Participant: 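Pasting a structure here, questions to come.
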Amino acid sequence: MTVDGRLARGDRTRSAALDAAVVLATEVGLDGLSLARLADTLGVSKSGLFAHWRSKEALQLATVDRAVEQWQERIVAPGLRAPAGVRRLQALHQARIDFYAARVLPGGCFFASTDFEYNARPGPVRDRLAEVFGRWTAFLERLVREAVDAGELPADTDVSQLAYEIDALGIAAAMRSRLLDPDTAYRHAHQGLLDRLRALCPDPTLLSEGGLP
């Protein structure tokens, strides 16, 4: 099967542009992201990007989707390599901290920033962010239930509460690492979940100290 060279180049251009858009959105905000601004960042013509996205809103929505893909690649996939149960919860949380610590996005966490930016702005972008956040919350709750089903957390564990606490630790790490000492923020986020899970788990030796900065 042959691949049309123009289509392949178009896909590469689109992918590179979205990667740059995710980075740019963490610096200027998702509302500050525009076809003109992205074109200037990439050193290309605005008309070239207009072939992929017909409006600023279309670009914003595509950028959110690309940030989700990045989150899946850098946080979810590494976390899921750990055994189901408390070790998977710890691994997922640590992958998130590692992603922040690697400074892949110079402006910090894409979702922490955009969720605050759009939480009071009705419209398609806010709806997409709310949908993404809802899926992430449901995913965390599913992993907590797996740990309960495996006997690694008590049967009466408040699943939604623990999932909330895990995400809250991640958000705190993202925000505090930008304004205060990052190593301290990451260490507190790591230790916070480790202590919480060890207090609940019948076999706390399943959880390691690994990952401390």
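Owing to the predicted nature of the structure, the values given are computational and were not obtained by experimental measurement.
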Participant: Find out if a path of hydrophobic residues (ILVMFWY) with successive side-chain heavy-atom gaps under 4.5 Å connects Val159 to Leu143.
Facilitator: yes

Participant: Pair Arg196, Ile166 - check side chain to side chain contact (heavy atoms under 4.5 Å, CB included), show working.
Facilitator: CA-CA 9 Å; Arg196 183 77 170 99; Ile166 293 170; over 6 Å; no

Participant: After noting the C-alpha distance and the side-chain angles of Phe111 and Trp136, does the key distance pass the side chain to side chain contact (heavy atoms under 4.5 Å, CB included) rule?
Facilitator: CA-CA 11 Å; Phe111 292 106; Trp136 169 246; over 6 Å; no

Participant: Measure the shortest side-chain to side-chain distance between Leu162 and Leu197 over non-hydrogen atoms and say whether it is less than 4.5 angstrom.
Facilitator: yes

Participant: Ignoring hydrogens and angles, tell me if any N or O in the side chain of Ser177 forms a donor-acceptor pair with the backbone of Pro182 under 3.5 Å.
Facilitator: no

Participant: Do Asp115 and Ser113 meet the criterion of a side-chain donor-acceptor pair at a distance under 3.5 Å?
Facilitator: no

Participant: Please assess Glu57 against Arg126 for the test salt bridge (charged side-chain N to carboxylate O under 4.0 Å, His left out), listing each intermediate value before the final yes or no.
Facilitator: CA-CA 11 Å; Glu57 185 176 273; Arg126 181 190 183 280; over 6 Å; no

Participant: So, Arg198 side chain and Leu207 main chain: donor-acceptor pair closer than 3.5 Å or not?
Facilitator: yes

Participant: If you apply the rule side chain to side chain contact (heavy atoms under 4.5 Å, CB included), what do you find for Leu206 with Asp203, and how did you get there?
Facilitator: CA-CA 6 Å; Leu206 289 172; Asp203 182 8; 3.7 Å; yes

Participant: Hey, are Tyr186 and Gln191 close enough side-chain-wise for a donor-acceptor pair under 3.5 Å?
Facilitator: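 Short answer, no.
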
Participant: Using a strict 4.0 Å threshold on nitrogen-to-oxygen distance, state whether Asp65 and Arg128 make a salt bridge.
Facilitator: yes

Participant: Do we get Arg142 above Phe139's six-membered ring, with its NZ or CZ under 6.0 Å from the centre and within 45° of the axis?
Facilitator: no

Participant: Where the side chain of Gln72 meets the backbone of Ala77, is there a donor-acceptor pair that is under 3.5 Å apart?
Facilitator: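 Checking the backbone N and O of Ala77 against the side chain of Gln72, no donor-acceptor pair under 3.5 Å is found.
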
Participant: Check Asp181 with Arg176, please: is the shortest side-chain N to carboxylate O separation under 4.0 Å?
Facilitator: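 Answer for the salt bridge query: no.
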
Participant: Would a hydrophobic clustering, with Ile, Leu, Val, Met, Phe, Trp and Tyr connected at side-chain separations under 4.5 Å, put Phe133 with Val64?
Facilitator: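 No, because Phe133 and Val64 fall into different hydrophobic clusters, even though each may have its own neighbours under 4.5 Å.
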
Participant: Where the side chain of Lys56 meets the backbone of Ala36, is there a donor-acceptor pair that is under 3.5 Å apart?
Facilitator: no

Participant: Could you check whether any side-chain N or O of His93 sits under 3.5 Å from a backbone N or O of Ala189, counting only pairs where one atom can act as donor and the other as acceptor?
Facilitator: yes

Participant: Looking only at the side chains, is there a donor atom on one of Gln90 and Gln94 sitting less than 3.5 Å from an acceptor on the other?
Facilitator: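 On atom types as modelled, these side chains do not qualify, holding no pair under 3.5 Å.
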
Participant: Spell out, yes or no, whether Tyr100 and Val104 are grouped together once hydrophobic residues are joined by side-chain heavy atoms under 4.5 Å, including indirect joins.
Facilitator: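 Result: yes, single cluster for both.
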
Participant: Is any side-chain N of the basic residue among Glu27 and Arg178 closer than 4.0 Å to the acidic one's carboxylate O?
Facilitator: no

Participant: Linking I/L/V/M/F/W/Y whenever any side-chain heavy atoms sit under 4.5 Å apart, do Val132 and Ile75 land together?
Facilitator: yes

Participant: Charged N to carboxylate O under 4.0 angstrom, Asp19 versus Arg14?
Facilitator: no

Participant: Is there a chain of hydrophobic side chains (I, L, V, M, F, W, Y, each step under 4.5 Å between heavy atoms) that links Val28 to Leu38?
Facilitator: yes

